[in-house]
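First the structure, in the form of structure tokens, and then the observations on it.
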Amino acid sequence: VQEIAWSMPQNRQQRVRRLIFVTFLAHIALGFWFVERGLLNEDEGWYLYAARRIAEGAEPYRDFAFFQMPVYPRVISSLIAPGPGSVIAGRWLSWLMLLLATGIVGLAAMRLRGLVGMLIAVVCLGLNPLVLGTAVLAKPYALCLLLISGGLFMISSWDRRRMAAGFCLLGFAVGVRVSVGIPLLALVFAHRRT
């Protein structure tokens, strides 16, 4: 009887682990589909143009008009060669960042709520078609998600140095999407003692 009682929680954990694995596989398959089959978004060209101009030595706002935050074009200007194929290369890079962000969110949720928390987080982020459909585009969403997930993972450790590094990552996320600044201010006020 004790062996049966001991093995039941382990069987449940094995099922949860399998579901997490299947969710990641589904996330990968959906990501491939959205990268290759997603419709062209005109903003992708605008971000890639900004990245090309930055690679040529131009400065956003000063040398060319740019109406977004400058971190994303700076990052992709060093990672993607301008020219034919840069849209699909930007999408693959975004998909890789989204994959990493989903894994980090899962790890943070596991740290806070165990395997079931990880499963919920991975399903909610990894299988959300709105997130997948927009974050795989050559736009700043995936980089922003990666920085936010990394920052929140570091903050969830409750170590002062890691929390400081987490807030730095969240600060860089504001440099990608300025709208992240509002929840970041809420986090700063919530953690002002630490």
Side-chain angles (χ1 to χ4, degrees), residues 6-38 71-72 75-76 79 89-177 179-188 190-191 194:
W6 182 76
S7 67
M8 291 196 48
Q10 283 199 344
N11 287 338
R12 181 181 288 169
Q13 284 186 347
Q14 288 300 324
R15 275 187 254 140
V16 171
R17 284 188 178 111
R18 282 189 212 114
L19 282 172
I20 291 169
F21 181 71
V22 168
T23 301
F24 267 114
L25 290 179
H27 175 70
I28 290 169
L30 286 169
F32 280 143
W33 190 85
F34 277 113
V35 165
E36 292 292 332
R37 301 287 183 188
V71 172
Y72 179 70
V75 168
I76 63 171
L79 297 174
R91 285 184 176 194
W92 282 112
L93 179 62
S94 290
W95 177 76
L96 178 63
M97 288 188 276
L98 177 62
L99 185 66
L100 290 171
T102 304
I104 293 170
V105 165
L107 290 174
M110 188 172 76
R111 177 184 281 172
L112 297 173
R113 294 292 177 213
L115 280 175
V116 174
M118 181 182 202
L119 176 64
I120 292 169
V122 169
V123 166
C124 289
L125 182 64
L127 297 182
N128 187 324
L130 181 61
V131 171
L132 273 164
T134 55
V136 298
L137 298 175
K139 294 173 71 171
Y141 302 122
L143 178 60
C144 191
L145 283 170
L146 181 60
L147 291 169
I148 289 172
S149 64
L152 293 176
F153 180 74
M154 299 295 273
I155 288 172
S156 70
S157 71
W158 298 103
D159 176 67
R160 285 183 182 257
R161 283 176 274 171
R162 288 184 181 171
M163 287 180 77
F167 277 108
C168 286
L169 288 174
L170 292 171
F172 283 122
V174 173
V176 176
R177 298 289 300 170
S179 57
V180 175
I182 295 168
L184 177 60
L185 284 175
L187 270 174
V188 167
H191 291 281
T194 55

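What you see is a predicted model; the values in this text were computed from it and never measured.
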Point to revise | Arg12 side, atom CZ; Leu115 side, atom CG - distance, nearest 0.5 Å | key: 12.0 Å
**Study point:** Least distance between heavy atoms, Ser149 atom then Ala101 atom
**Key:** OG-CA, 3.5 Å
For residues 165-172, run the donor-acceptor check on the side chains, cut-off 3.5 Å, and write out each pair with its distance to 0.1 Å, sequence neighbours left out.
none

Check your understanding: Say you draw a straight line from CD1 of Ile20 to CD of Gln13; how long is it, rounded to the nearest 0.5 Å?
Key -> 10.0 Å
Exercise for review: Please report the closest heavy-atom contact between Arg162 and Ser157, naming both atoms and the distance.
Suggested key: CB-OG, 3.3 Å
Practice item. Return yes if some donor-acceptor pair links the side-chain N/O of Arg111 with the main-chain N/O of Phe153 below 3.5 Å, else return no. Key: yes
**Study point:** Whether Ser94 side chain and Leu137 backbone form a donor-acceptor pair below 3.5 Å
**Key:** yes
Review point. Should Met97 and Leu93 be marked as a side-chain contact (heavy atoms from CB on, under 4.5 Å) after you check the CA-CA gap, both sets of side-chain angles, and the distance that decides it?
Key: CA-CA 6 Å; Met97 288 188 276; Leu93 179 62; 3.8 Å; yes
**Study point:** side-chain contact (heavy atoms from CB on, under 4.5 Å) evaluation trace for Phe24 with Thr102
**Key:** CA-CA 9 Å; Phe24 267 114; Thr102 304; 4.0 Å; yes
Practice item. Can you see which heavy atom on Leu145 is nearest to which on Ala135, and at what distance? Key: CD1-CB, 4.1 Å
Review point. With no hydrogens and no angle check, is any side-chain donor or acceptor of Tyr72 less than 3.5 Å from a backbone partner on Leu143?
Key: no
Study note, to complete from the structure: Output for pair (Ile104 CD1, Leu147 CG), nearest 0.5 Å, gives 9.0 Å
Check your understanding: What is the minimum heavy-atom distance between Ala173 and Cys144, and which atoms define it?
Key -> O-SG, 4.1 Å
**Study point:** Trace of the side-chain contact (heavy atoms from CB on, under 4.5 Å) decision for Leu98 with Val131
**Key:** CA-CA 9 Å; Leu98 177 62; Val131 171; 4.1 Å; yes
Exercise for review: Give, for atom CZ of Arg17 and atom CE of Met118, the distance between the pair rounded to the nearest 0.5 Å.
Suggested key: 10.0 Å
Return a table of donor-acceptor pairs under 3.5 angstrom between the side chains of residues 25-36 and protein atoms on other chains or two or more places apart.
| residue | atom | partner | partner atom | Å |
| --- | --- | --- | --- | --- |
| His27 | ND1 | Gly126 | O | 2.7 |
| Glu36 | OE2 | Trp92 | NE1 | 3.4 |

Check your understanding: Which value, rounded to the nearest 0.5 Å, describes the distance between Ser156 atom OG and Met110 atom CE?
Key -> 11.0 Å
Review point. Does atom CG of Leu79 have more than 12 heavy-atom neighbours, drawn from other residues, nucleotides or ligands, at distances under 6.0 Å?
Key: yes
Point to revise | Distance (rounded to the nearest 0.5 Å) between Leu107 CG and Leu152 CG | key: 13.0 Å
